[in-house]
Amino acid sequence: MKLEILDTAQEACSAAADYISENFPKHGVLGVATGDTQVPLYQELAKRPPLSVKKAFALDEYVGLSQDDPRSFYSYLVKLVQEPLGFAAGTIRVPLGIAVDLEKEATAFESEILKEPVDLQILGVGTNGHIAFNEPGSDPSSKTRVVKLSQETRIANRADFGDFAPEAAISQGIATILRAKKLVLIATGEAKAHALSMLLAGVENPEYPVTYLASHPGLAVFADKAAAS
Ligand code: GLP
């Protein structure tokens, strides 16, 4: 595992942007994450030479939100990734949170990503150690599916949703994420310190899905001092 600890969140995102610029292949497939953590990362990437992205896949989407809902991950990705990074419209595939048959949508997403394997996946981590929306207890062999969100995640989402945070999401599974050739995890802020320490301990722990990343040969972690504390 490659680990870089920088003084601030901005510097951690800048170092991650350098790493992505250097390691992302031409006409590659990018995996994009949608946390607050990645907002400065995408701003930093926009300052660097454009990535040559033929396709991008989102990690997850809330069940019940349409693409034009400003709180959807689809909206986040159009506004903060597709437009500033100059991707053509339609480049980023996001699970459809209002699909009539959600399980069918999840299966379709999984087969699309199997056909176009991700070269580099950007990741964040939840305060409870979740990756994408693979909550504690998720199976390491899990694929894209409909998942129930934990109480802790719903509380963390209150800033966006008030008391009506979504109860479910379509999320890539842990096995789906681990198929990416390179993983770039960004953890910033004190709230992520515990989850990060579990990953750095290097022991797989089902209660902290982030620990399943430790065995991936292409893992690079960028943290600020607060998260590494
Ligand atoms: C979200 C997403 C994850 C993200 C994590 C942390 O809800 N599903 O992909 O990494 O939780 O989010 P943040 O960066 O906002 O703390």
Side-chain angles (χ1 to χ4, degrees), residues 8-10 12-13 16-17 20 30-45 56-65 69-77 79-81 92-95 97 106 109 113 118 120-138 142 144-162 164-174 176-178 180 183-196 198-199 208-213 219-224 226-228:
T8 65
Q10 188 70 39
C13 285
I20 293 167
L30 182 66
V32 282
T34 40
D36 292 339
T37 306
Q38 285 81 25
V39 174
L41 171 74
Y42 298 130
Q43 289 166 350
E44 285 296 328
L45 279 173
F57 287 97
L59 285 168
D60 42 19
E61 180 60 283
Y62 291 112
V63 164
L65 296 197
D69 188 311
R71 299 163 304 179
S72 68
F73 287 153
Y74 182 89
S75 294
Y76 170 116
L77 289 166
K79 205 169 119 200
L80 300 180
V81 179
I92 311 178
R93 169 74 160 105
V94 187
F109 186 92
I113 203 167
V118 171
L120 187 149
Q121 175 67 55
I122 298 165
L123 290 167
V125 59
T127 52
N128 64 353
H130 74 221
I131 46 166
F133 273 134
N134 295 285
E135 297 282 25
S138 296
S142 52
T144 307
R145 68 209 185 287
V146 179
V147 293
K148 205 171 167 283
L149 300 182
S150 71
Q151 200 52 26
E152 185 166 348
T153 297
R154 295 186 68 211
I155 290 168
N157 288 343
R158 268 197 195 147
D160 293 326
F161 293 98
F164 301 100
E167 292 173 13
I170 297 180
S171 176
Q172 287 191 33
I174 295 172
T176 319
I177 293 168
L178 290 176
L183 302 176
V184 175
L185 175 76
I186 303 171
T188 54
E190 210 185 324
K192 305 297 172 68
H194 183 56
L196 183 62
M198 296 304 288
L199 167 68
Y208 294 86
V210 70
T211 60
Y212 292 119
L213 304 181
L219 174 65
V221 180
F222 296 86
D224 66 358

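The structure presented is a predicted model; accordingly, all values stated were derived computationally and were not measured. When a ligand or atom number is given, it counts from 1 through the structure's own listing order.
If you check each of V125, T37, N128 against atom 6 (C) of ligand 1, the one with the closest non-hydrogen atom is V125.
Looking only at heavy atoms of the protein, atom 8 (N) of ligand 1 is closest to D60 OD2, 2.8 Å. Here the protein heavy atom with the shortest distance to atom 15 (O) of ligand 1 is D36 N, 2.8 Å.
Between V221 and L213, the closest side-chain pair of non-hydrogen atoms is not below 4.5 Å. No side-chain heavy atom of D224 sits less than 4.5 Å from a side-chain heavy atom of T8.
A heavy-atom separation below 4.0 Å is not found between T34 and ligand 1. Remark: distances from the non-hydrogen atoms of A132 to ligand 1 include one below 4.0 Å.
Checked against T34 for a side chain to side chain contact (heavy atoms under 4.5 Å, CB included), the options V81, D60, L80, L59 give a single hit: D60. Checking each of K192, E190, H194 against T127 for a side chain to side chain contact (heavy atoms under 4.5 Å, CB included) leaves exactly one that passes, namely K192.
Considering both main-chain and side-chain atoms, Q38 never comes within under 3.5 Å of ligand 1 through any nitrogen or oxygen pair. Of the N or O atoms in H130, one or more lie within a sub-3.5 Å distance of an N or O in ligand 1. Distances between N or O atoms of K192 and those of ligand 1 include at least one value under 3.5 Å.
Taking a cut-off of under 4.0 Å to the non-hydrogen atoms of G124, the atoms of ligand 1 that pass are 10 (O). Shown in contact with G35 at under 4.0 Å from a heavy atom are these atoms of ligand 1, numbered in order with element: 12 (O), 13 (P), 14 (O), 15 (O). Each of the following atoms of ligand 1 lies closer than 4.0 Å to a heavy atom of F133: 7 (O), 8 (N).
Note: Y76 and Y42 have perpendicular aromatic rings, judged against thresholds of 30 and 60 degrees for the angle between ring planes. Using a 30° and 60° split on the angle between ring planes, F73 and F133 fall in the parallel class, below 30°.
I177 and A132 make their closest contact through CD1-CB, 3.9 Å (heavy atoms, listed as atom of the first residue, atom of the second, distance).
Here I20 contributes atom CD1 and I186 contributes atom CD1; the two are 5.5 Å apart, rounded to the nearest 0.5 Å.
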